[in-house]
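Quick note on labels: first sequence line is chain A, next is B, and so on, each numbered from 1.
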Amino acid sequence: MSELAVDTSSGHDSAALDSRHDHAPHDDHGGGHGHYTSLGLSNNKLGMWLFLGSECLLFGGLISTYMLYRGRTAKGPGPNQVYDIPFTSASSFVLLMSSLTMVLAVTAAKRRDDGNTRLWLSVTALLGAMFVGGQVYEFTGFYNEGLGFTTSLFSSSLYTLTGFHGVHVTVGIMMLMALRGILTKNRIVGDKAEVVELIGLYWHFVDIIWIIIFTLVYLIPA
Amino acid sequence: MTSNRRGLWAIPGLALVVTILAGCAKNAPQDTWQPAGPDARKIDDLQRFPFYAAGVVGVLVLAVVIFVVWKYRDRGQAIPHQGHGNPLVEVGTIAFSAILLAAVAVPTVGVIFDLAETDDCKMTVNVTGQQWWWEYSYPQQAGIDSPIVTSGQLVIPTGECVLLRLTSRDVIHSFWIPKLNGKKDAVPGRIQLLRMEAETPGIYAGQCSEFCGLSHANMKMDAVALRPADFATWVAAQTAPAVAVSDQESAAGRGEAVFKGQCVLCHQVNGLVDDEGKPLIAQADINLVSGAAPNLTHFMSRTTFAGSTYSLLTEECRTKLMAALPDEFGALYLGGVESGCLNVVELKEWLRNAPDKKPMYPDTNEDGKRRGMPALGLTENQINDLVEYLKTLK
Amino acid sequence: MAIIERPTGEMLRGPVGVGPRASLGMYRRPVETTGWRSWLFTVDHKQLGLMYGITAFVFFLVGGLEALLIRLQLAQPNGKVLSADAYNQMFTMHATTMVFLFVMPMAAGFANYFVPLQVGARDVAFPRINAFGYWCFLAGGLFLNSSWLLGGAADGGWFMYAPNSSALFSPSHGVDFWALGLQITGIASLTGSINLIVTILNMRAPGMSLMKMPIFTWMILVVQFLLLFAVPVITVALFLLSFQRTFGATFFDVSAGADPLLWQHLFWIFGHPEVYILVLPSFGIVSEVLPVFSRKPLFGYPMVVFSGAAIGFVGWGVWAHHMFASGLGPVSVTVFSLSTMLIAIPTGIKIINWVMTMWGGKLRFTTAMLFAIGLIVEFTIGGLSGVTHSVSPSDTQQTDTYYIVAHFHYVLFGGAIFGIFSGFYYWWPKMFGRLLDEKLGKLNFWLMVIGMNMTFGPMHILGLQGQPRRMYRYTTDRIGEGFFNLKFWNQISSLGALILAVGIIVFIVNVVRTARGPANAPLDPWDARSLEWLTTSPPKVHNFDVIPTVSHLDEFFHLKYAENEATGEMERVATAEELMKIQEDNAEQNIHLPAPSYWPLILALALPVTAYGVIYNKILIAVGATMIVLSIFGWALEPSMADDSDLEPPAPSDGPTKELAPIV
Amino acid sequence: MSTDTVAHADRGHADDHGDHGDHGHGEHVDHPDSYYVKIALVLAAITAAEVALSYMDVGAAFLPTLLIMMAIKFVMVVLFFMHLRFDSKWFNMAFWTGLILAILVYVAALTTFRFFG
Ligand code: HEA
Ligand code: HEA
Ligand code: CUA
Ligand SMILES: [Cu+2]
């Protein structure tokens with residue numbers, strides 16, 4: 001996905017339309033960026049939202065697979081043996097808060113407040129890293145309790161689901177850090193606030209997926 | 001555009017021909033339009049209307065197209081008025097389609113639930129698919145006082161509903177006897193129910209119809225319907241163990257020895273004992289992925305082998321059996337494979353090199369198991385002896 | 001890529017006061033506009049459209065060749081042409097190739113080329129992602145087919161039911177190639193769908209409200225939404241399969257307690273929307289062609305749009321009609337049976353509207369038109385057999401027999417393929433400035449009509465006579481006698497396939513001859529109705545000199561014709577040439593188009609590398625992963641425009657756009 | 001999509017002048033950071049409640065309450081943090097369609113496994 005998001009840092013993919021700024025009859029609609037668009041929306045944001053819509057079916061499939069198989073623990077340990085609710089609650093809380101810091105980064109960027117944008121981006125990345133760290137720790141724990149990836153249908157589907165989520169978080173962190181780096185280099189032209197917003201959308205999505213996973217997978221006993 | 005018209009006529013013409021003629025096919029072993037049992041008949045009665053309706057709609061559409069094509073071809077008329085259409089036409093289509101579909105839907109629902117009904121079936125048979133043959137095991141029940149295990153040909157009594165409990169030992173297969181009922185998948189880990197009822201004695205051909213790997217094309221089966229009395233005779237014969245060969249020096253005796261040496265690795269023959277007199281139990285579970293090979297105790301009571309791909313009967317004996325009238329059929333089938341009737345050639349080919357007759361994976365995989373029967377490198381003498389022995393398995 | 005965009009004031013605006021130099025990012029962008037490089041690095045939607053089309057057609061020949069081998073094998077009882085193993089690989093790859101490597105990308109090709117033109121845009125929303133999509137498709141297709149040389153292709157059938165797809169039952173790497181290859185082409189579909197949806201929704205010419213949009217664009221929009229939501233579902237399924245085969249997970253391993261039906265649901269939740277993904281673009285094409293050659297607007301345009309959307313929507317609620325024999329239980333079967341019947345209604349509306357479009361028209365039977373009419377008839381036949389499947393009890397007699405094979409070849413070949421060929425003949429002059437030969441075209445059409453009915457018509461009989469599909473051979477003892485003798489009908493079918501082959505070779509001949517001939521197609525050969533004809537053939541690299549402002553559905557037609565109040569008849573008020581002249585006279589200056597890029601290609605290449613790694617060795621995975629990360633950063637950090645010195649001759653940074661070369 | 005929606009869409013951008021022309025309707029609503037902090041606090045509170053609930057025994061009410069709280073959190077993040085409440089209806093269309101489709105399809109699929117009861 002980072003294609004779509006980071007793409008805009010070079011804000012040129014919609015450049016095809018710039019000339020309209022001078023010639024399209026709807027001249028004034030173009031606004032500051034000189035991009036006339038039929039819906040008056042940003043291509044990148046629309047693209048991101050479509051992508052998130054699509055992601056719903058991806059995670060839906062993974063979650064359903066887990067739901068179907070969570071009870072099938074073979075000889076291995078089951079959910080109730082391995083889960084450590086307090087710990088997971090903590091890391092869920094961390095991820096939830098990272099959503100807040102992400103919003104703060106977005107608003108700062110909209111205010112063209114570079115200092116705070118950098119700050120909150122870094123904090124968000126940090127919280128995200130904490131969450132992933134927590135996952136790694138948690139899973140090593142599971143593993144030591146004898147819950148390998150191939151132990152049972154339960155373990156396979158659990159690791160696959162949370163693994164996919166973890167990868168999404170990691171990609172998010174990479175995007176945040178890349179953006180952070182780009183900002184210091186001042187390399188972006190065009191609307192960097194929008195890039196922050198796009199990555200924000202992605203980040204929040206990863207968070208809401210976890211909101212579901214936390215309840216369905218951890219809190220509801222098999 | 002005359003050629004256009006002629007060309008297009010062929011199409012629904014064909015569709016129609018199919019639907020109408022399909023009913024009256026001669027000697028069409030798997031014809032889905034010739035029900036021979038109440039379940040298949042329910043389906044057939046249900047499907048006639050949709051088929052004919054579809055035929056009519058098809059011809060209708062074609063006729064209109066041809067008319068339009070001919071009537072409005074460019075004769076230099078003026079550019080037509082750029083009208084954007086008339087909703088009535090669409091409303092009409094919707095109404096027409098909706099009515100037609102409703103007429104199809106209502107009876108459909110009824111039949112779905114009728115065919116799911118199972119309480120009225122007295123007898124049950126466990127049907128298990130594996131690559132690439134079917135095993136039938138008759139649990140103990142009224143009329144069957146000890147379990148029966150056989151393969152290839154499912155023997156059922158006429159005039160009563162038999163409930164098949166389908167499952168599989170490896171991949172998904174699908175049990176289908178077109179003239180008796182629709183198909184139902186045999187899914188490993190699940191037990192699924194299918195009604196079977198035949199009205200008249202005879203052999204009803206069927207075929208595995210879910211792709212199940214290499215020899216899917218060679219995974220066939222028959223349903224053999226016998227009058228209740230004949231069925232009882234068959235049960236009695238099947239429940240009896242195989243009689244050991246008395247004369248060890250005879251060909252059959254030597255064959256039995258070979259069998260004990262090699263074949264019991266996979267094949268069960270009830271009543272077969274080793275030198276200490278202990279019963280020999282096949283170890284198919286450690287030699288085969290599916291963990292099973294056909295039980296050969298009454299091999300000669302069947303008329304096909306290797307997943308009903310090959311006939312145990314010679315050509316003329318087979319035609320005789322197939323042509324038998326309902327009244328003669330029972331006796332003829334219960335007679336089993338008369339020595340003169342045995343299709344020795346193909347049976348020997350099978351013993352010589354089974355994977356050559358029927359593609360299989362005879363080599364052991366990493367955990368030492370095979371999928372199918374290997375070529376056992378038997379000498380011609382051994383093969384002759386084995387055939388003699390197999391003949392005794394009546 | 002013919003036009004290199006230049007820095008403009010507004011792009012450099014903003015608080016971060018950086019000048020053009022600093023804004024150029026780290027890596028230069030390529031500027032080649034001719035030769036092979038221009039193809040490798042292009043981001044132009046028309047060039048990519050052609051690349052999609054050409055590649056897809058080659059795969060069509062491959063899939064067709066596989067089909068011919070299948071028919072050859074079945075021409076005789078106990079056929080000896082192919083071994084059982086080869087046969088199973090053959091039909092699996094035949095289907096996979098035709099569905100994923102021919103019809104889908106061919107539609108993507110048409111969409112890429114014509115959607116921006118039809119909505120009056122200069123390119124798609126995300127040109128680099130567009131290029132990335134094409135390279136993913138190519139990489140995935142080649143990866144898939146490389147399995148033929150690396151120990152055998154997938155052999156589980158195109159829906160690859162578990163558990164037969166597990167390593168225990170399919171030990172070769174074929175299924176691994178299949179799963180990973182489709183994963184890669186899936187990326188192409190997903191990115192493509194986002195790209196096209198954004199383009200269609202957000203980049204329409206001024207005045208083109210959704211209900212003034214050309215119908216082809218509409219159908220593409222529906223299809224892209226289907227892809228957007230269907231692709232992730234099979235992505236999940238394929239991941240589960242790969243994890244099982246590669247990392248020893250047990251998602252479909254019954255001995256571990258798994259339920260094989262999980263795969264069936266995941267596949268068909270994708271699989272049924274997929275079949276409409278295959279056919280709706282063709283519906284769009286014929287909905288363009290029929291009005292043009294009937295000289296009437298599409299009958300009931302809003303209904304055609306709506307029914308298309310309805311088909312797309314209901315298409316999500318019928319997937320289990322592929323599982324009527326799987327043992328879902330009577331309640332589920334009933335529900336899916338009824339929902340499936342429902343789909344007949346919106347599709348029926350389309351058929352009727354097409355017929356009514358011709359009604360009262362002024363019909364010209366060009367090859368494009370013939371294929372469109374052919375589609376109406378052949379698809380209806382396939383659709384009607386579909387309705388007989390939806391009667392689930394009789395489907396238990398039909399499923400997995402040749403009757404099904406007949407159904408879907410009528411809808412696919414008589415639907416999707418006829419539409420595509422109609423599109424070839426209709427849009428060829430637009431794409432190449434050359435008209436395909438009409439005589440050969442008609443020969444091509446009739447050979448294909450006769451061929452397809454001979455090939456697939458008999459399959460109705462074979463199926464109802466109980467011949468299961470996916471059989472590498474049929475034996476003499478069960479082929480029956482008389483009219484329904486299976487051998488006879490199989491032979492007719494095989495003969496038909498040969499006729500089809502001839503028909504397609506005629507098409508190839510036609511293409512070659514046309515390519516040799518002069519580019520002398522008139523500007524508006526068909527007296528067409530939609531915007532793509534409001535530019536040169538082939539179109540200028542920036543599509544339109546002036547972005548038109550739309551006031552009608554069928555804008556182009558209404559620019560040419562007006563109703564004479566007196567007589568009430570349509571009269572020509574302008575020729576295409578005149579309209580073109582107007583365009584050129586007020587041509588816009590300083591048009592910016594995205595510059596070419598290396599990264600889409602490199603990023604796409606990283607995927608098969610990774611995939612080979614998954615199959616053969618883990619080091620390759622690392623290599624591929626690094627390639628991916630690096631190229632994403634390269635992608636992000638490349639400048640939004642070319643360096644001055646990239647231009648020939650170097651231009652002053654405030655100069656107008658410099659055209660380097662006309663498009664190929 | 002009916003014609004009038006489209007008309008609306010066109011108006012949609014017609015009244016979207018000014019610096020943020022291509023940011024849909026959202027830009028007009030700008031919230032102070034405190035606003036988001038409050039929302040975050042609510043979310044945290046609900047999470048706490050969820051966890052607490054999972055430790056006590058409330059019988060039949062357990063599952064529904066938990067699911068409702070989950071849904072509330074989910075929707076709050078989407079509407080406020082992701083700004084969907086204030087943003088273009090097209091974004092809403094893209095996201096909710098995906099979500100609802102996913103729920104319908106997968107629940108239906110699980111039902112055929114007799115997953116629910
Ligand atoms: C282009 C692709 C395409 C299209 C458009 C369709 C369209 C339809 N399909 Fe088909 N289908 C496939 C491709 C397609 N299918 C494929 C590839 C398979 C097999 C997969 C595999 O197993 O390998 C398949 C399999 C398949 C099955 C499963 C069969 C089985 O395996 O047991 C079923 C069952 O219901 C079905 C039904 C339908 C129906 C009801 C329609 C409807 O949409 C058709 C609607 C059209 C009409 C009805 C004709 C026009 C209408 C009128 C003239 C109006 C009046 C008519 C009436 C009122 C009846 N299809
Ligand atoms: C769009 C999809 C599509 C298309 C176009 C086709 C086209 C054809 N299909 Fe296809 N087919 C499927 C999709 C398609 N099929 C699917 C999904 C299956 C199910 C597979 C499964 O069960 O898993 C299937 C299965 C299938 C079977 C059943 C196999 C079995 O179940 O055992 C058969 C059998 O006849 C068949 C035949 C054909 C034929 C003869 C064509 C013909 O129309 C082909 C016409 C094309 C040509 C004849 C090529 C011409 C090219 C040349 C002559 C080469 C010239 C070369 C150069 C000039 C370089 N197909
Ligand atoms: Cu068993 Cu096919
Ligand atoms: Cu379908």
Side-chain angles (χ1 to χ4, degrees), chain B residues 7-8 11 14-15 18 22 25-32 43 46-47 50-51 54 58 61-62 64-65 68 72-74 77-80 82 84-85 89-90 93-94 97 101 105 108-109 111-113 116 171-172 178 182-185 187-189 192 205 207 209-211 213-214 217 359, chain C residues 84 157 161 163-164 169 254 260 295-297 299-300 303 325-327 330 333-334 337-338 341 344-345 348-349 352 355-356 358-364 376-377 380-381 384 387-388 391 393-394 396-397 400 449 453 457 460-461 464-466 468 470-473 478 480-482 484 569-570:
Chain B
L8 292 177
I11 301 146
L14 197 125
V18 176
K26 304 240 173 357
N27 175 13
Q30 291 176 195
D31 188 343
T32 59
I43 296 175
L46 171 68
Q47 76 185 1
F51 266 98
V61 172
L62 182 77
V64 177
V65 168
V68 171
Y72 296 107
R73 66 187 187 280
D74 187 345
Q77 65 265 49
I79 299 177
Q82 299 296 302
H84 279 272
V89 177
E90 283 126 354
T93 317
I94 297 176
S97 313
L101 290 170
T108 302
V109 178
V111 175
I112 293 175
F113 283 89
V171 303
I172 300 178
K183 58 183 75 66
K184 180 67 74 66
D185 287 0
V187 181
Q192 320 215 96
Q207 203 161 339
S209 48
E210 186 64 76
F211 180 68
L214 192 60
Chain C
Y161 273 3
N164 192 39
F169 298 110
V254 178
R295 300 192 159 229
K296 274 178 70 218
F299 184 93
M303 256 336 229
S326 304
V333 167
T334 308
S337 215
L338 300 182
M341 292 177 186
I345 295 177
I349 292 178
I352 299 304
V355 175
M356 293 306 291
M358 295 193 284
W359 191 285
K362 189 175 193 295
L363 310 186
R364 289 170 297 161
I376 299 179
V377 174
T380 301
I381 296 172
L384 291 168
V387 173
T388 61
V391 181
S394 47
T396 60
Q397 290 284 30
D400 280 306
V449 168
N453 288 293
H460 293 104
I461 300 179
L464 294 174
Q465 284 304 303
R470 300 173 162 185
M471 300 201 312
Y472 76 94
R473 68 164 187 175
R478 291 190 180 189
E481 295 159 5
F484 289 105
E569 284 192 353
M570 296 306 287

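In this structure, B:Val89 and C:Phe299 have side chains that are in contact, with non-hydrogen atoms separated by less than 4.5 Å. Side-chain contact between B:Val61 and C:Val377 is absent, with no heavy atoms from C-beta onward closer than 4.5 Å. Contact check for C:Asp400 versus B:Glu210: side-chain heavy atoms found under the 4.5 Å cut-off. Put simply, the side chain of B:Pro188 reaches to within 4.5 Å of the side chain of C:Pro163, judged on heavy atoms. Counting heavy atoms from C-beta outward, B:Gln47 and C:Pro393 have side chains that stay 4.5 Å or more apart. Side-chain contact check for B:Asp31 versus C:Leu464: every heavy-atom pair is 4.5 Å or farther apart. Proximity of B:Val109 to C:Leu338: side-chain heavy atoms (C-beta onward) are separated by under 4.5 Å at one or more points. Using a 4.5 Å heavy-atom cutoff, the side chains of B:Tyr72 and C:Trp359 are in contact.
Looking at C:Ile349, the atoms closer than 4.5 Å to chain B (heavy atoms on both sides) sit in the backbone and in the side chain alike. Proximity to chain B involves both the backbone and the side chain of C:Thr334, based on heavy atoms less than 4.5 angstrom apart. With a threshold of 4.5 angstrom between heavy atoms, C:Pro260 approaches chain B through side-chain atoms but not through N, CA, C or O. The parts of B:Val68 that come within reach of chain C are both its backbone and its side chain, each placing non-hydrogen atoms under 4.5 angstrom from that chain. Both the backbone and the side chain of B:Ile94 come within less than 4.5 Å of a heavy atom in chain C. Only the side chain of B:Thr93 comes within contact range of chain C, judged by heavy atoms closer than 4.5 Å. The contact between C:Tyr472 and chain B is made by backbone and side chain atoms together, counting heavy-atom distances below 4.5 Å. For B:Ala78, the parts lying under 4.5 angstrom from a heavy atom of chain C are both the backbone and the side chain. Using a 4.5 Å cut-off between heavy atoms, C:Ser326 touches chain B through backbone and side chain atoms alike. With a threshold of 4.5 angstrom between heavy atoms, C:Val387 approaches chain B through side-chain atoms but not through N, CA, C or O. B:Gln82 touches chain C through backbone and side chain together, each having a heavy atom under 4.5 Å away. With a 4.5 Å cut-off on non-hydrogen atoms, C:Met341 touches chain B through its backbone and its side chain both.
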Apply salt bridge (Lys or Arg N to Asp or Glu O under 4.0 Å) to the pair B:Asp74 and C:Arg364, showing each step before the final yes or no. CA-CA 6 Å; B:Asp74 187 345; C:Arg364 289 170 297 161; 5.1 Å; no
Before giving the answer on side-chain contact (heavy atoms from CB on, under 4.5 Å), spell out for B:Gln30 and C:Arg478 the whole-Å C-alpha distance, their side-chain angles and the decisive distance to 0.1 Å. CA-CA 8 Å; B:Gln30 291 176 195; C:Arg478 291 190 180 189; 3.0 Å; yes
Audit row: B:Ile43, C:Thr396, side-chain contact (heavy atoms from CB on, under 4.5 Å) steps and yes/no: CA-CA 9 Å; B:Ile43 296 175; C:Thr396 60; 3.8 Å; yes
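Looking at every heavy atom in both residues, B:Thr32 comes nearest to C:Gln397 through CG2-O, 3.7 Å. Contact between B:Gly213 and C:Asn164 at its shortest, heavy atoms only, is N-ND2, 3.7 Å. Considering every non-hydrogen atom in both C:Leu384 and B:Ala54, the closest pair reads CD1-O, 3.4 Å. Considering all non-hydrogen atoms of both residues, B:Pro80 and C:Gly360 come closest at CB-O, 3.4 Å.
Ranked by heavy-atom pairs under 4.5 Å with chain B, the first of C:Val355, C:Val391, C:Thr380 is C:Val391. Of all the listed residues (B:Leu46, B:Leu101, B:Val64), the one sharing the greatest number of non-hydrogen pairs under 4.5 Å with chain C is B:Leu101.
Distance CZ/B:Arg73 to CE/C:Met358: 14.0 Å, rounded to 0.5 Å. To the nearest 0.5 Å, atom CZ of residue C:Phe169 and atom CG of residue B:Leu214 are 13.0 Å apart.
A donor-acceptor pair is defined here as one N or O able to donate and one able to accept, closer than 3.5 Å; no such pair exists between the side chain of B:Lys184 and the backbone of C:Ala325. Under a 3.5 Å cut-off, the side chain of C:Glu481 and the backbone N or O of B:Ala28 do not form any donor-acceptor pair.
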